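Everything on this sheet refers to the single structure shown next.
Only a predicted model underlies this, so the values are computations on that prediction, with no experimental measurement involved.
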Amino acid sequence: MNSIHNPALNDLSSSERRRLQMADIARLAGVSTSTVSRALNRSPLVNEETRVRIEELAKSLNYSINVGAQNLRLKQNKTVAVVVPYDNAKRQHLSDPFFLSILGSLADALTDRGYDMLLSRVDAEQLDSAAQIVDTGRAIGVILIGQWRHHDQLNQMAARRVPIVVWGAQLPQQLYVTVGSDNIAGGFLATEHLLLEGRRNIAFFGDVLLPEVAHRFEGYKRALSKYGVDFNQSLVVPAAFIEEGGRLAVLELCKRKQQFDGLFACSDLLAMTAINTFRELHYAVPQDIAVVGYDDIELARYFHPPLTTVRQPIAAAGQALVDALLLLAEDKSVSPQLLTTQLMCRASSQSLAG
């Protein structure tokens, strides 16, 4: 698990590589290799200033002691970190129904395997800070909920051999492991359903700068193309996954004075707040506007009207994320996984054909 990226080290045993790597750090820090070892294991015998200097050197050399993986082998550490990033500007809350669903699924999967869950949050602009939880030995690895906009930082953590699995989309030149649902297929299913219901001016609500939403947007455009409907950029409205996101997006859409008869919202929460706002503005759902959400949270079927949505397999996702992380923590090879999405047809979208 411990590797400085140097081809000359490839022919050496792991113990020989470790000694050479520690010797490099010791030479640069001006200390003994035993001090380096103690510092990276956060021994109280090393003062804070020296420890910080050694940790920074180790990080700059792409060296990770990965205490968590060592402890796993010794059966001493039974904790997995689940990290939910936040956008400093918008602060999507942990009370978001999708977060609660996937956290519950992860908690169940970890409990079934005899592990504890350490829940943490990091700034979405500093995803690499999640690695500190592993480097300090508090957890054997990290399950990160969402890629946000820093694919590069996730690749850097993977290059450092930090055991990390990300709930998200598969992207080009990806070094880290992802588990995610098929968002392109999900976006296609949602939009195709609206088209088959006779809708032709279909709005799209979501932040296409986020990888998963970008894939749903791709599915949306593919469905329009398949059914011969021209893409209209004016029907695409940026919307954050926050409580007011759907309301603000509806108001922006109305301000543009574009004709619309359907909506694909990239989360159920966006869809629900949009429907409530449509109602306030005297639009009837589904008669005037057919609406499809995304996720199939528990509340979707009890909403008024019951929400048509794309189901993400949350229970299967929790199992797959945990299994992948435990394999990575044992230094085993793991491939990305793409889970199937499913359209759940309910009353919010069925008025013309159903």
Stepwise, does the side chain to side chain contact (heavy atoms under 4.5 Å, CB included) test hold for E56 with V52? CA-CA 6 Å; E56 288 176 350; V52 169; 3.6 Å; yes

Given side chain to side chain donor-acceptor pair (under 3.5 Å), test Q147 with Y176 step by step and report yes or no. CA-CA 11 Å; Q147 287 151 306; Y176 54 94; 3.1 Å; yes

Would you please test N232 and N201 for side chain to side chain contact (heavy atoms under 4.5 Å, CB included) and show each step? CA-CA 8 Å; N232 182 352; N201 298 291; 5.7 Å; no

Intermediate values then yes/no, salt bridge (Lys or Arg N to Asp or Glu O under 4.0 Å), R160 and D128: CA-CA 11 Å; R160 270 214 306 136; D128 52 357; over 6 Å; no

Does L110 form a side chain to side chain contact (heavy atoms under 4.5 Å, CB included) with D116? I'd like the steps, not just the answer. CA-CA 6 Å; L110 286 166; D116 297 319; over 6 Å; no

Ring pair (Phe, Tyr, Trp, His ring centres under 6.0 Å) assessment of F241 paired with F205: CA-CA 10 Å; F241 291 139; F205 288 179; over 10 Å; no

Taking it one step at a time, do T277 and L281 satisfy side chain to side chain contact (heavy atoms under 4.5 Å, CB included)? CA-CA 6 Å; T277 307; L281 298 173; 4.2 Å; yes

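Annotation: side chain of I145 is in contact with side chain of V82 (closest heavy-atom distance under 4.5 Å). Residues Y115 and T79 have side chains not in contact (no heavy-atom distance under 4.5 Å, counting atoms from C-beta outward). Annotation: side chain of P97 is not in contact with side chain of E298 (no heavy-atom distance under 4.5 Å). Contact annotation: the side chain of P163 approaches that of L325 to within less than 4.5 Å [non-hydrogen atoms, C-beta and beyond]. Side-chain contact between I275 and P305 is present, with at least one heavy-atom pair separated by less than 4.5 Å. Contact annotation: the side chain of L224 approaches that of T191 to within less than 4.5 Å [non-hydrogen atoms, C-beta and beyond]. You'll find the side chain of R51 stays beyond 4.5 Å of the side chain of I54, heavy atoms only. Taking 4.5 Å as the limit, some side-chain heavy atom of Q350 sits within range of a side-chain heavy atom of H193.
Remark: F231 engages F217 in a ring-ring contact (aromatic ring centres under 6.0 Å, His included) (not counting sequence neighbours).
Without hydrogens or angle criteria, D288 side chain to P286 main chain gives no donor-acceptor distance under 3.5 Å. Listed for the S129 side chain is a donor-acceptor partner under 3.5 Å among the backbone atoms of Q126. In this structure, Q153 contributes its side chain and L127 its backbone to a donor-acceptor pair below 3.5 Å. Judged by distance alone, the side chain of S105 and the main-chain N or O of I314 form a donor-acceptor pair under 3.5 Å. Panel note: side chain R346, backbone P306; no donor-acceptor pair is recorded below 3.5 Å. The closest donor-acceptor contact from the side chain of T35 to the backbone of V31 lies at 3.5 Å or more, if one exists at all. Here the side chain of D261 pairs a donor or acceptor atom with the backbone of R200 at under 3.5 angstrom. In terms of modelled atom types and a separation under 3.5 Å, the side chain of T308 and the main chain of C345 share no donor-acceptor contact. Judged purely by atom type and a 3.5 angstrom limit, D296 has no side-chain atom pairing as donor or acceptor with the backbone of Q312. A donor-acceptor pair under 3.5 Å is formed between the side chain of R121 and the backbone N or O of P85.
A continuous path of Ile, Leu, Val, Met, Phe, Trp and Tyr side chains, each step under 4.5 Å between heavy atoms, connects V165 with M117, placing both in one hydrophobic cluster. Hydrophobic cluster membership differs between V46 and L28, with clusters built from Ile, Leu, Val, Met, Phe, Trp and Tyr side chains linked at under 4.5 angstrom. Cluster annotation: L321 is not connected to L175 through the hydrophobic network of ILVMFWY side chains, with a link wherever side-chain heavy atoms come within less than 4.5 Å. Cluster annotation: L195 is not connected to F188 through the hydrophobic network of ILVMFWY side chains, with a link wherever side-chain heavy atoms come within less than 4.5 Å.
Side-chain polar atoms of T309 and D268 form a donor-acceptor pair below 3.5 angstrom. In this model, a donor atom of one side chain and an acceptor atom of the other lie less than 3.5 Å apart for N47 and T50.
Taking the six-membered ring where the residue is Trp, W167 and F98 present tilted rings, their angle falling between 30° and 60°. Under the 30°/60° scheme for interplanar angles, the aromatic rings of Y220 and F204 are found to be tilted.
Taking OH of Y294 as the start and OG of S267 as the end, the distance is 11.5 Å to the nearest 0.5 Å. Once rounded to the nearest 0.5 Å, the distance linking OG of S234 with CG of L253 reads 9.5 Å. Expressed to the nearest 0.5 Å, how far CD of Q259 lies from CG of L235 amounts to 9.5 Å. Separation of atoms CG (N155) and CD1 (I164) is listed at 10.5 Å; rounding is to 0.5 Å. If you take OH on Y227 and CG on L194, they are separated by 11.5 Å, rounding to the nearest 0.5 Å. Between atom CD1 of residue I297 and atom CG of residue L100 there is a gap of 9.5 Å, rounded to the nearest 0.5 Å.
Salt bridge annotation for K332-E330: present, with a cationic side-chain nitrogen under 4.0 angstrom from a carboxylate oxygen. Using a 4.0 Å cut-off between charged side-chain N and carboxylate O, D323 and R113 make a salt bridge.
The side-chain hydrogen bond (donor to acceptor under 3.5 Å, both in side chains) test with E218 singles out one residue from R222, H215, R216, and that residue is R222.
Closest heavy-atom contact between A317 and L339: CA-CD1, 3.7 Å. The two residues L263 and A274 have their closest heavy-atom pair at CD2-CB, 3.8 Å. Between A169 and T178 the shortest heavy-atom distance is O-CG2, 3.7 Å. Closest heavy-atom contact between R53 and A29: NH2-O, 3.1 Å. In this structure, V285 and S348 approach most closely via the heavy-atom pair CG1-O, 3.5 Å. When all heavy atoms of L270 and A265 are compared, the closest pair comes out as CB-CB, 4.0 Å.
More than 12 heavy atoms of other shown residues, nucleotides or ligands fall within 6.0 angstrom of atom CD in E280. The environment of Q174 atom CD is dense: over 12 non-hydrogen atoms of other residues, nucleotides or ligands sit within 6.0 angstrom.
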